[in-house]
Amino acid sequence: MSSVINYFAHSFIDRASDKRKDREWLEQQIRSDKSVFILFHVDRPFVKVDQLNKMFSLSKLNYAQVRFLLDDEKSKPLWLFLGVEYEKSKGKTEEESDPVLVDSPFADPLQYDRTVSKCWFAIETSAHDSNPQNIMSMFKEHGEFFEGNFLKLMTIHDREEASVIAQARSVFCWHDRNKYCSTCGTSNRVEEAGFKLACDNAQCKSKDRAQNKFVPSNIHYPRVDPVVIMLIVNPARTHFLLGRKRQFPDKMFSCLAGYVEAGESIDEAVRRETFEEAGIYTNQVVYHSSQPWPFPSTLMIGCLAYATSSEINVDME
Ligand code: ZN
């Protein structure tokens with residue numbers, strides 16, 4: 001159970017996945033004056049930088065401004081339908097609201113009304129021009145492509161925009177690494193508003209592992225890599241265990257973390273990674289909260305883990 005909302009998890013958009021196949025509806029929304037378009041150059045969002053406060057915000061464009069990109073028949077830029085933003089309901093005052101209620105279009109029927117406010121789209125511009133400077137010169141009054149590491153990407157002005165970046169960045173990075181079918185090497189074609197890839201080779205067959213037979217279907221969905229990140233509590237429940245990597249900035253510490261391996265549960269991964277990194281045995285594992293981590297497509301699963309030993313054996317690798 002969690003009502004914690006982490007940095008990249010402030011999603012206010014209904015992804016409306018049922019609309020991804022509705023080409024007619026999507027065309028209407030793309031041409032709507034209300035729709036919002038954000039740009040990327042592979043993994044770099046197009047942003048406005050507030051140099052004074054060392055923060056940034058997404059540069060939000062409209063259809064008239066990006067039409068030349070979408071209509072470019074030669075390069076056919078990749079675009080994503082990110083989802084629908086609803087009007088916020090005025091039904092409850094702040095005092096009446098449940099203080100532990102998360103701000104989500106799916107948390108409470110009284111929190112949002114279901115009237116569509118606007119649709120969100122993202123366009124990947126590198127097919128139009130591989131040089132980001134050239135794209136920036138086309139939109140120079142509107143911002144620049146983000147430059148910096150993951151810590152800088154966590155200086156966004158509006159937390160809700162962080163969730164939009166997480167969604168689009170992970171999907172664009174997936175497209176960048178999956179241009180060809182992993183079974184036969186033929187080009188993949190984009191379907192479902194950017195959220196599905198299908199092999200162009202009609203003869204390409206992949207094995208349906210549940211049915212144990214080969215079927216003429218080779219489709220791919222955006223990849224998500226689960227990672228456990230855990231706060232280790234000592235047996236006396238008086239101390240926590242933190243770690244740090246050599247490349248961390250001075251005085252920066254973090255919870256221990258590691259990838260969940262194939263065929264492994266979250267609990268098993270927490271115990272294994274804790275032992276490998278610190279030599280500590282853990283028993284009870286409790287889920288805390290999670291967030292997408294778009295570097296490029298990790299799901300961070302936050303847990304508390306209760307230690308049954310105290311002797312730390314640090315992994316110096
Ligand atoms: Zn194939």
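Read the numbers this way: they start at 1 and go in the same order the structure lists the ligands and their atoms.
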Counting only protein N, O or S atoms and ignoring waters, those under 2.8 Å from the Zn ion (ligand 1) are Cys181 SG, Cys184 SG, Cys199 SG, Cys204 SG

Taking only residues two or more places apart in sequence or in another chain, which ones pass side-chain hydrogen bond (donor to acceptor under 3.5 Å, both in side chains) with Arg272?
Glu264, Glu276

On the six-membered ring of Tyr281, is Arg271 placed so that its NZ or CZ lies under 6.0 angstrom from the centre and within 45° of the ring axis?
no

Relative to each other, are the rings of Tyr63 and Phe37 parallel, tilted or perpendicular (30° and 60° limits)?
tilted

Hey, can you tell me if Phe146 and Phe56 have their rings parallel, tilted or perpendicular (30° and 60° cut-offs)?
tilted

Using the six-membered ring wherever Trp is involved, compare the ring planes of Phe8 and Phe295 and label them parallel, tilted or perpendicular (cut-offs 30° and 60°).
perpendicular

Between Leu256 and Glu273, is the side-chain contact (heavy atoms from CB on, under 4.5 Å) condition met? List the steps.
CA-CA 8 Å; Leu256 306 185; Glu273 283 286 345; over 6 Å; no

